[in-house]
Structure formats: structure tokens, C-alpha cells
Trainee: 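Here you go, one structure.
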Amino acid sequence: MYVGLVAAAAGMMAANTQSQIATRVMKMSLDAQAQVLQLLVPSQTNPAKNNAPGIGGHLDVSV
């Protein structure tokens, strides 16, 4: 009887550890995506300061 309880407890501890690892990996992935977005957003809203006039601005492609 006790062996079953010990096995169940060990299984629960392993599942908890796996859940913690998965949560950490997901958070790291979200942090990485946020960093990429921080790099991309300024370049889309403001052209680079050292570009020649007319370079890197918005392009009107309406027909």
C-alpha cells in the first residue's frame, strides 16, 4: 500500500518539475519575442536619423 503512495508522490513531483520547466521555457520565449518587437517597432515608426531625405519614410502604394 505504501509503495503505491510513494510512487504516486514521486510521479506528482516529476509532473510538477516538468510544469515548472515548461512555464520557464514559455516565459523565456515570450521575453525573446518582446525583445524582437522592441527592435522592430522603432524602425517602423521612425526612419533612421542618418538616412538621406526621403529614404526610410512611408511609401504610398495606393493606386
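We number each residue from 1, following the sequence as shown. Worth knowing before you read on, the calculation uses all heavy atoms, side chains too, and leaves out hydrogens, waters and symmetry mates.
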Trainee: According to salt bridge (Lys or Arg N to Asp or Glu O under 4.0 Å), does anything in residues 4-20 pair up with another residue at least two apart or in another chain? List the pairs.
Mentor: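 The answer is none; no pair qualifies.
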
Trainee: Give me each pair satisfying salt bridge (Lys or Arg N to Asp or Glu O under 4.0 Å) with a member in residues 5-16, each pair once, sequence neighbours excluded.
Mentor: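 For residues 5-16: none.
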
Trainee: Which pairs with one or both residues in residues 7-25 pass salt bridge (Lys or Arg N to Asp or Glu O under 4.0 Å), sequence neighbours excluded?
Mentor: none

Trainee: Identify the residue among V36, L30, L37 that makes a side-chain contact (heavy atoms from CB on, under 4.5 Å) with Q33.
Mentor: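 The passing option is L30.
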
Trainee: Could you tell me if the side chain of T23 sits less than 4.5 Å from the side chain of M26, heavy atoms only?
Mentor: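 M26 does not reach T23 side chain to side chain.
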
Trainee: Among all residues two or more places apart in sequence or in another chain, which pass the side-chain contact (heavy atoms from CB on, under 4.5 Å) test with Q35?
Mentor: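 Q35 satisfies side-chain contact (heavy atoms from CB on, under 4.5 Å) with no residue once adjacent residues are dropped.
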
Trainee: Which pairs count as side chain to side chain donor-acceptor pair (under 3.5 Å) when at least one residue sits in residues 3-20, sequence neighbours excluded?
Mentor: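 Residue pairs passing side chain to side chain donor-acceptor pair (under 3.5 Å), neighbours aside: none found.
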
Trainee: Which is it for D31 and M28 under the side-chain contact (heavy atoms from CB on, under 4.5 Å) test, yes or no, and what are the steps along the way?
Mentor: CA-CA 5 Å; D31 289 345; M28 289 171 58; 5.5 Å; no

Trainee: Should side-chain heavy atoms under 4.5 Å link Ile, Leu, Val, Met, Phe, Trp and Tyr, which residues sit in the same cluster as I21?
Mentor: V25

